[in-house]
Amino acid sequence: MEVIGGKWKVLILWALHEHPHRRFGELRRLLPGITEKVLASHLREMEADGIVHRVSYDEVPPRVEYSLTEDGIRLNGALQPLAAWGRERPNARALQGRAD
């Protein structure tokens, strides 16, 4: 849970799953509401945990891309049943409200 704790890490995982090999600015646009500081911090932590891969290209201007590692892909796969449960939850609550 420590690896995915917090509001943004799961959303970063999902964004990198849906849009692999993204630059920092692109990720920030995919995650409305996240600050640069929080995104940078989470990406560093996720890289240290081995779920995000960072590639720095020797170009001018500098270019850095982020992608999921094999562990990141497996973690995202493990979270998919939880996402499915979350999508179904509002429907279950609506049906329960009608039964009362």
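What you see below is based on every heavy atom in this structure, not just the backbone, and it leaves out hydrogens, waters and symmetry mates.
Tyr66 has its side chain within reach of Leu27: a pair of non-hydrogen atoms, C-beta onward, lies under 4.5 Å apart.
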Distance-only donor-acceptor pairs under 3.5 Å for side chains of residues 11-25, two or more places apart:
from	atom 1	to	atom 2	distance (Å)
His17	ND1	Asn76	ND2	3.4
Arg22	NE	His19	O	3.3

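The line from CD of Glu45 to CD1 of Ile4 is 13.0 Å long, rounded to the nearest 0.5 Å. Within the model, atoms CD1 of Ile34 and OG of Ser41 stand 9.0 Å from one another, a figure rounded to the nearest 0.5 Å. Taking NZ of Lys7 as the start and CG of Leu31 as the end, the distance is 10.5 Å to the nearest 0.5 Å. In this structure, the separation between CD on Glu70 and CG on Leu68 is 9.5 Å, given to the nearest 0.5 Å.
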Practice problem: Test Leu39 against His42 for side chain to side chain contact (heavy atoms under 4.5 Å, CB included), laying out the working first. | Solution: CA-CA 5 Å; Leu39 179 57; His42 283 346; 5.6 Å; no
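Among Ile51, Thr69, Leu75, Val3, the single residue meeting the side chain to side chain contact (heavy atoms under 4.5 Å, CB included) criterion with Met46 is Ile51.
Applying the side chain to side chain donor-acceptor pair (under 3.5 Å) test to every pair with at least one member in residues 26-39, sequence neighbours left out, gives these pairs: Arg28-Glu36.
Between Arg54 and Glu65 there is no salt bridge, since none of the side-chain N atoms of the basic residue sits less than 4.0 Å from a carboxylate O of the acidic one.
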